[in-house]
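What follows is one structure encoded as structure tokens, with my remarks underneath.
FYI, side chains are in, hydrogens and waters are out, and symmetry mates aren't considered; it's all heavy atoms of this structure.
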Amino acid sequence: MTSQQRVVVIGGGMAAARLAQRLGRASADGGPALTVLGEEPHAPYNRVLLADVLAGRYAQDVITLPAPHDAVRWLGGVRAVRIDRERRTVLCDDGRAVPYDRLVLATGSNPVLPPLRGLFPPGHGGLPDSGLPRGVHPFRTLDDCTALAAAADRPGARAVVIGGGLLGVSAARALAERGVPVLLAQQGEHLMERQLDAGAAALLRAHLEALGVEVHTECRVRGLRVEDGTVRGVELADGYAPTADLVVLACGVRPRVGLARAAGLPVDRGIIVDDQLRTADPRIHSIGDCAQHDGLVYGLAGAALEQADQLARILGAEATRYRGTRALTRLTLTGHGAGPGPAPAPTAPLDLAAFGTPSPRPGDDVIHLSDATRSAYRKVIVRGDRLVGGILLGDLGAVGTLARTWEADAPLPPTAPLLHLLTTESATPSRTDGGS
């Protein structure tokens, strides 16, 4: 790239912030001029830690990411509304037109709003600007987190979290730590189905219940009870109708691809990119939650950061290719719990790490250790000479070595000491050949 080239990034999240950090020094040294259009008015922040802010363990400024170099032009509170590919210009909601030589779409994702009766009442009359009933909140942004915290602090607040994936579990734990009675409704057979098997999910459920969370699995929410534009409860498919004045929508996310689609770029579940993180227009790249590479939309912070790092090298004319990300999911659950009556005693923290597939195929080797009394659960899946999946709950002393082996996609040594690595005094190992 020459010093005259202008790089514009649409999106102010973690991927955009990482790219700005990587390119900021080059901009200061006479490299490309970098402009970031961030729709949120806040400084960039670590979205992974939003649940800790909601729980009251971190202040908002703790999760703020390092400011980009002074050479980076960061425009917060500015929304891109159209891409003019012919003129190579981004048009914004404040009327400005920002020209580019290279454009990076880091538009992230939006929370999924499920088709629930009462979520969008007829006419939407008297509702807040969001169009959702008062008391109904997605959990995706810092503003969502602030609104949830304010609602949770109202005396007598009772919450229902819809969705038992990683986001729903994190929100339920955070609200329970804040002292709010919580019901967690998961439509699937067990919690965090994408990352955990049934055994690990059972331990996770027990931990949440010890915090005071009422967990319902195989439970479909049919609708909301709304009066005068305010939520009063939910209706479950089995007829149970708990009261609630706070409902959290944690039903997943959907890549924000509207700008790309309107600009005529190929879109599937995400914005399709190649190994150079380029779209069909060679001047336009995409990274983060909105990007789809080799058929995959990761939706994880680790992948977004790796893509930003790789794109910084590509824009710096390095001969490199993005080959995909082998992502690891980590979560720490702790707290004093909530619910009616005297506050429960503090619960021991539960650390969780998961990678790859949670279920083996026929012919896979499975090494499995568990001890429910100590909330210890460890399982790795080996296919041939490779790790293809793993779940660890409890003491995560082994996760570093396993994660490095997984992320490198390296063959295991013929005498890999996996069994020794997983064995502790608190768990009894077993090995299954040919699946489990």
Side-chain angles (χ1 to χ4, degrees), residues 1-24 26-27 31-45 47 68-111 129-131 140-143 253-274 276-292 297 304 307-308 311-312 314-315:
M1 298 183 66
T2 68
S3 59
Q4 288 73 41
Q5 287 194 302
R6 300 156 296 183
V7 177
V8 175
V9 182
I10 301 178
M14 294 178 68
R18 181 65 158 251
L19 184 62
Q21 289 171 0
R22 294 291 183 262
L23 294 180
S27 296
L34 181 62
T35 299
V36 180
L37 307 176
E39 187 170 334
E40 293 187 63
H42 318 285
Y45 55 89
R47 199 181 303 276
H69 195 278
D70 291 343
V72 175
R73 183 186 180 206
W74 189 287
L75 302 177
V78 175
R79 183 168 63 89
V81 296
R82 188 164 70 88
I83 300 167
D84 187 332
R85 290 170 54 193
E86 183 176 350
R87 293 180 173 84
R88 297 205 299 272
T89 300
V90 178
L91 305 178
C92 303
D93 60 350
D94 62 359
R96 80 179 77 199
V98 183
Y100 68 84
D101 296 302
R102 292 284 189 96
L103 180 64
V104 180
L105 301 179
T107 48
S109 56
N110 283 328
D129 292 341
S130 67
R140 181 65 181 161
T141 67
L142 188 56
D143 286 342
V253 295
R254 182 174 291 116
R256 296 182 64 179
V257 298
L259 276 175
R261 181 181 286 117
L265 299 173
V267 168
D268 185 20
R269 290 181 300 122
I271 303 167
I272 297 174
V273 296
D274 62 13
Q276 295 288 307
L277 295 166
R278 291 175 304 196
T279 67
D281 184 331
R283 293 183 177 271
I284 301 179
H285 301 260
S286 183
I287 57 175
D289 290 1
C290 63
Q292 177 176 324
V297 176
Q307 289 170 3
L311 182 57
I314 291 168
L315 294 177

Applying side chain to side chain donor-acceptor pair (under 3.5 Å), can you list everything that pairs with [X], at least two apart in sequence or on another chain?
X: Gln21; result: none
X: Asp268; result: Gln292
X: Asp94; result: Arg96
X: Arg261; result: none

Quick check: closest heavy atoms across [X] and [Y], and the distance to 0.1 Å?
X: Leu142; Y: Tyr45; value: N-OH, 2.9 Å
X: Asp101; Y: Arg283; value: O-NH1, 3.2 Å
X: Cys290; Y: Gly108; value: CB-O, 3.4 Å
X: Leu105; Y: Ser286; value: O-OG, 3.0 Å
X: Ala97; Y: Leu91; value: CB-CD2, 3.7 Å
X: Gly11; Y: Ala16; value: O-CB, 2.8 Å

With sequence neighbours excluded, residues passing side-chain contact (heavy atoms from CB on, under 4.5 Å) with [X]:
X: Ser109; answer: Arg140, Val253, Asp289
X: Ala17; answer: Pro44, Leu65, Trp74
X: Pro41; answer: none
X: Ala312; answer: Leu19, Arg22, Leu23

Would you give the length of the straight line joining atom [atom1] of [X] to atom [atom2] of [Y], rounded to the nearest 0.5 angstrom?
X: Arg6; Y: Leu103; atom1: CZ; atom2: CG; result: 12.0 Å
X: Ile284; Y: Arg102; atom1: CD1; atom2: CZ; result: 11.0 Å
X: Leu265; Y: Thr279; atom1: CG; atom2: OG1; result: 4.5 Å
X: Tyr100; Y: Ile10; atom1: OH; atom2: CD1; result: 8.5 Å
X: His285; Y: Leu277; atom1: NE2; atom2: CG; result: 8.0 Å

Heavy-atom check, side chain of [X] versus side chain of [Y], under 4.5 Å:
X: Ile271; Y: Pro255; result: no
X: Pro68; Y: Val36; result: no
X: His42; Y: Asp143; result: yes

* **For Asp274, salt bridge (Lys or Arg N to Asp or Glu O under 4.0 Å) partners two or more places apart** =>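 For Asp274 the salt bridge (Lys or Arg N to Asp or Glu O under 4.0 Å) partners, ignoring immediate neighbours, are Arg278.
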
* Give every residue pair that meets the side-chain hydrogen bond (donor to acceptor under 3.5 Å, both in side chains) criterion with at least one member in residues 7-17, sequence neighbours excluded. =>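 Non-adjacent pairs meeting side-chain hydrogen bond (donor to acceptor under 3.5 Å, both in side chains): zero.
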
Between side-chain atoms of residues 76-89 and protein atoms elsewhere (two or more places apart, or another chain), which donor-acceptor pairs fall under 3.5 Å?
residue	atom	partner	partner atom	Å
Asp84	OD1	Glu86	N	3.2
Asp84	OD1	Arg87	N	3.0
Asp84	OD2	Arg87	NH1	3.2
Arg85	NE	Asp281	OD2	3.0
Arg85	NH1	Ala263	O	2.8
Thr89	OG1	Arg87	O	3.1

* **Test item: Thr35 side-chain N/O and Arg73 main-chain N/O as donor-acceptor pair under 3.5 Å** =>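 Checking the backbone N and O of Arg73 against the side chain of Thr35, no donor-acceptor pair under 3.5 Å is found.
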
* To do: Give the intermediate values and the outcome of side-chain contact (heavy atoms from CB on, under 4.5 Å) for residues Gln5 and Leu315.
  => CA-CA 11 Å; Gln5 287 194 302; Leu315 294 177; over 6 Å; no

